[in-house]
**Q** 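One structure coming up, written as structure tokens, with questions to follow.
Predicted model only: the values in this text are computed from it and were never measured. Counting starts at 1 for both ligands and their atoms, following the listed order.
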Amino acid sequence: MSPPAIRSSCARRRRPSGAAATPAALLRRARAAARRAYCPYSGYAVGAALLARDGRVFGGCNVENASYGLTICAERNALAAAVAAGCRAFAALAVAGGRGRAPALPCGACLQALAEFCPPDFPIHTAPLRGRGGHTFALRELLPRRFQLPENPA
Ligand code: THU
């Protein structure tokens with residue numbers, strides 16, 4: 001089930017264009033967001049850049065806490081920023097982070113949160129913080145079966 005529609009510019013223009021529309025450009029935005037990560041406990045910085053259908057880009061970084069379980073992931077911070085700005089229609093997500101050459105992948109909680117708003121073929125570009133080695137997945141590859149309430153089937 002899609003979330004209820006709201007009046008916002010996101011719904012008007014379906015094809016994003018401009019500087020952040022390419023995977024490489026969106027990954028640059030994710031890497032920039034990762035520089036603001038607050039991760040003194042794990043040392044694992046993550047940045048996310050969520051491209052809205054209207055061309056806006058919402059950034060997020062992970063924000064850790066001394067009470068470890070309160071940590072918020074970069075992807076959900078980006079998603080929350082977008083929704084709080086009135087945006088619920090998205091074209092792509094880029095995630096950059098981790099240590100070394102391995103790209104950071106969104107965790108299960110973030111995938112479930114994305115699935116609330118994004119279709120199964122939603123593209124997720126992943127990359128390490130520095131260097132090459134990224135990969136693009138469809139949301140359905142990383143989360144084949146999202147949780148759904150029985151009264152709200154897709
Ligand atoms: N983290 C994210 O920001 N996104 C994810 O999808 C997985 C993990 C963060 C949380 C924590 O600050 C650090 O990475 C190590 O788990």
**Q** Is there a donor in the side chain of His135 and an acceptor in the side chain of Thr126, or the other way round, less than 3.5 Å apart?
**A** no
**Q** So does Ala109 get a backbone contact from the side chain of Gln112, meaning a donor-acceptor N/O pair under 3.5 Å?
**A** no
**Q** Contact between Leu79 and Leu50 at the side-chain level, heavy atoms closer than 4.5 Å - yes or no?
**A** yes
**Q** Can you list every pair where an N/O of ligand 1 is under 3.5 Å from an N/O on the protein?
**A**
unit_1: ligand 1; atom_1: 3 (O); unit_2: Ala74; atom_2: N; d: 2.9
unit_1: ligand 1; atom_1: 4 (N); unit_2: Glu75; atom_2: OE1; d: 2.8
unit_1: ligand 1; atom_1: 6 (O); unit_2: Glu75; atom_2: OE1; d: 3.3
unit_1: ligand 1; atom_1: 6 (O); unit_2: Glu75; atom_2: OE2; d: 2.9
unit_1: ligand 1; atom_1: 6 (O); unit_2: Cys107; atom_2: N; d: 2.8
unit_1: ligand 1; atom_1: 12 (O); unit_2: Asn62; atom_2: ND2; d: 2.9
unit_1: ligand 1; atom_1: 12 (O); unit_2: Glu64; atom_2: OE2; d: 2.4

**Q** Taking the side chain as everything from C-beta on, heavy atoms only, tell me whether Val83 gets closer than 4.5 Å to Phe117.
**A**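 Side-chain contact under 4.5 Å: yes.
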**Q** Return each pair, listed once, that meets ring-ring contact (aromatic ring centres under 6.0 Å, His included) where at least one residue sits in residues 23-46; pairs must be two or more places apart or across chains.
**A**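 Qualifying pairs: Tyr41-Tyr68.
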**Q** Are the side chains of Thr71 and Val63 in contact, using a 4.5 Å heavy-atom criterion?
**A**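 Answer no - side chains too far apart.
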